[in-house]
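Below: one structure, written as structure tokens.
The chains referred to below are lettered A, B, ... by the order of the sequence lines, with proteins before strands, and numbering in each begins at 1. When reading the values below, keep in mind they use all heavy atoms of this one structure, side chains included, and skip hydrogens, waters and symmetry mates.
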Amino acid sequence: MTELPVPRVRFAPSPTGYFHVGGARTALYNWCVARRGEGQFILRIEDTDRERSDAAWTEGILSALSWLGITWDEGPYFQSERRALYAAAAERLYAGGHAYACDCTREAVEARTKNNAVPGYDGFCRDRGLAFVPGHALRFKVPDEGTTVVSDLVRGEVEFQNSTIEDFVVMKSNGDPLYVLAVVVDDLDMQVTTVIRAEEHLPTTPKAVLLWGVLGEGRPLPQYAHLPVLVNERRQKLSKRRDRVAVEDYRALGYLPEAMVNYLALLGWAPADGREILSRDELVAEFRLEDVNRSPAFFDEKRLAHFNGLYIRALPTAEFVERCRPFLYGAHGLFEPTSVDEAAFARLAPLVQERVATLGEVPGLVAFLFAAPFSPDAVAFEKAVLRDESAGETLEHMAAAVERGALDAADLRAALEQIAASTGRKLGKVQAPVRVATLGAAAGLPLFESLEELGRERVLERLRAAMARIDERG
RNA sequence: GCCCCCAUCGUCCAGCGGCCCAGGACAUCGCCCUUUCAAGGCGGAAACACGGGUUCGAAUCCCGUUGGGGGUGCCA
């Protein structure tokens, strides 16, 4: 095999909204290519549109990338700080006769082209010889004939008839560059070898190829790779406005970054042997752009949750405990820091760990221990305690056992088994009223271990409170 | 409208001419395990959009149709 050139890739998001999972996947694939080829991953913020860009969004992008472990070797570069470069390129295009100034308003163009067979700008200013001065936009002179070919790693050769490409604007009349110009200037300047981005950019790629042809000084085009878009349940491109897809949201919900990375990698790609659980290193070692498939993928939260569950269960318990903290009383937490008994949580952690798919579900499982006023679920209480004929008897028996000194899980279990045996019912059946009365919910952590952790005092208190409510009912 | 892309179970992938009356995973259904719920184990249902070619042979190659998507901005 021949020596591959060292890849220089870039991830170039625009800071115009929450950083979403589609962008994260694009970044990840870029990162894999850079790491695998021992090249560089460049981060470039495309904020040429001053109207829509916001530094706050940039912050979000950086923090989400860091959270995912996608590190960059260069940048972040900001296009807003590189305006002189774009202006110089525009000047060269104009001076070389590859572009011309245009003063047409959008309305004027529309009025003229309404009845034209060919849509888009009609080349009205091509030969008017307007000066390239403030107030005039600059349009690239697209050849009338011929074809422009985009050679794409995932899609093959894509051909465009030049006649279908309009004379597009490269500099706005206010002096701001357009994305397509800035991208070409930057990719050239940053020596980018491989452009990996979403499919929505494919239709503008021939424009970039054309620009590269005149600005590139003969340097070879970058290798393009257009990834299929991520879609919602209606099969439309994920939208920041329509769909909940912000990486931040998933973080707050308790998804692990390594699970997210693993899941994202598999959206449009799979390793040769079909394995689904891949470490970061395995991903880097096996990822190939050539194997990325071409059709859009649906971001399936259920499947993500499954992956997340696997990752959570694979965590050493101590680390699981560590990662739970923010969800107990930290940034995303539900409880008062003072009401959380760390040692108790740590003891219960193994039981919690195998029952959650996200860290956000953790507080719910230990709420019986840490939630300030204890209030059992009303529906569950009605069903398991109030409407169960023998509930009162069961609760009394348990209370008596605890008073006699039954404190650990084994004692408590023995006590309940006694009731089960004497009434000929299954243990699962008789534990229901006890569970709801003391833990507050019909489902949750194993009963006896939970009671042991709750402690004699609180268990008795809750059992008595439940018995009192039964008495009230008559 | 015009340009471009795409098309295997509900979903994500495997399949790159014979190993496929199509395989794995999620979801779903059933059973087992079980102190609830999970987790885990076992099993079931579930797809090559359609029509033409090419070929001894097509999920795989070609053409068309249909369907979906993206672009069409002095957004990125």
Heavy atoms only, 4.0 Å cut-off, all strands: where does [X] land among base, sugar-phosphate and nothing?
| X | answer |
| --- | --- |
| Phe307(A) | nothing |
| His201(A) | base |
| Arg52(A) | base |
| Ala297(A) | sugar-phosphate |
| Leu365(A) | nothing |
| Gly309(A) | nothing |
| Asp47(A) | nothing |
| Leu447(A) | base |
| Phe298(A) | sugar-phosphate |
| Ser173(A) | base |
| Glu449(A) | base |
| Gly274(A) | nothing |
| Arg413(A) | base |
| Glu46(A) | sugar-phosphate |

Step by step, would you call Phe287(A) with Trp269(A) a ring-ring contact (aromatic ring centres under 6.0 Å, His included)? CA-CA 8 Å; Phe287(A) 181 78; Trp269(A) 174 82; 5.3 Å; yes
Keeping the roles fixed (side chain from Asp152(A), backbone from His226(A)), state whether a donor-acceptor pair exists under 3.5 Å.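 The answer is yes, because a donor-acceptor pair under 3.5 Å joins these two groups.
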According to the interplanar angle, ranging from 0 to 90°, do the rings of Tyr179(A) and His201(A) count as parallel (below 30°), tilted (30 to 60°) or perpendicular (above 60°)?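 Tilted: the ring planes of Tyr179(A) and His201(A) meet at 30° to 60°.
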Under 3.5 Å donor-acceptor pair, [X] side-chain atoms to [N] base atoms:
| X | N | value |
| --- | --- | --- |
| Arg303(A) | rA25(B) | yes |
| Arg355(A) | rU36(B) | yes |
| Glu276(A) | rG24(B) | yes |

Provide the Watson-Crick or G-U wobble partner of [N], both distances under 3.5 Å; none if there is no partner.
| N | result |
| --- | --- |
| rA59(B) | none |
| rC19(B) | none |
| rA49(B) | rU65(B) |
| rG40(B) | rC32(B) |
| rA27(B) | none |
| rC75(B) | none |

When you compare [N] with [M], how far apart are their [atom1] atoms, in angstrom units rounded to a whole number?
| N | M | atom1 | result |
| --- | --- | --- | --- |
| rC9(B) | rA22(B) | P | 14 Å |
| rU55(B) | rC61(B) | C1' | 10 Å |
| rA59(B) | rC13(B) | C1' | 15 Å |
| rA45(B) | rC26(B) | C1' | 15 Å |
| rC63(B) | rC4(B) | P | 14 Å |

What do the steps show when you test Tyr86(A) against Val170(A) for side-chain contact (heavy atoms from CB on, under 4.5 Å), and what is the final call? CA-CA 9 Å; Tyr86(A) 314 131; Val170(A) 291; over 6 Å; no
Taking only side-chain nitrogens and oxygens of [X], does any of them come within less than 4.0 Å of OP1 or OP2 of [N]?
| X | N | result |
| --- | --- | --- |
| Arg294(A) | rC16(B) | no |
| Arg313(A) | rG40(B) | yes |
| Lys237(A) | rG71(B) | yes |
| Thr48(A) | rA76(B) | yes |
| Asn293(A) | rA14(B) | yes |
| Lys302(A) | rA25(B) | no |

Test applied, side chain to side chain contact (heavy atoms under 4.5 Å, CB included); reference residue, Leu445(A); option that passes from Leu451(A), Val366(A), Leu439(A):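 Running side chain to side chain contact (heavy atoms under 4.5 Å, CB included) over Leu451(A), Val366(A), Leu439(A) with Leu445(A) returns exactly one hit, Val366(A).
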So, [X] and [Y], do they make that salt bridge, N to O below 4.0 Å?
| X | Y | result |
| --- | --- | --- |
| Arg82(A) | Asp47(A) | no |
| Lys426(A) | Glu417(A) | no |
| Asp49(A) | Arg52(A) | yes |

Between Glu417(A) and Arg25(A), which residue's closest nucleotide on RNA chain B lies nearer the 5′ terminus?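 Nearer the 5' end of the strand: Arg25(A).
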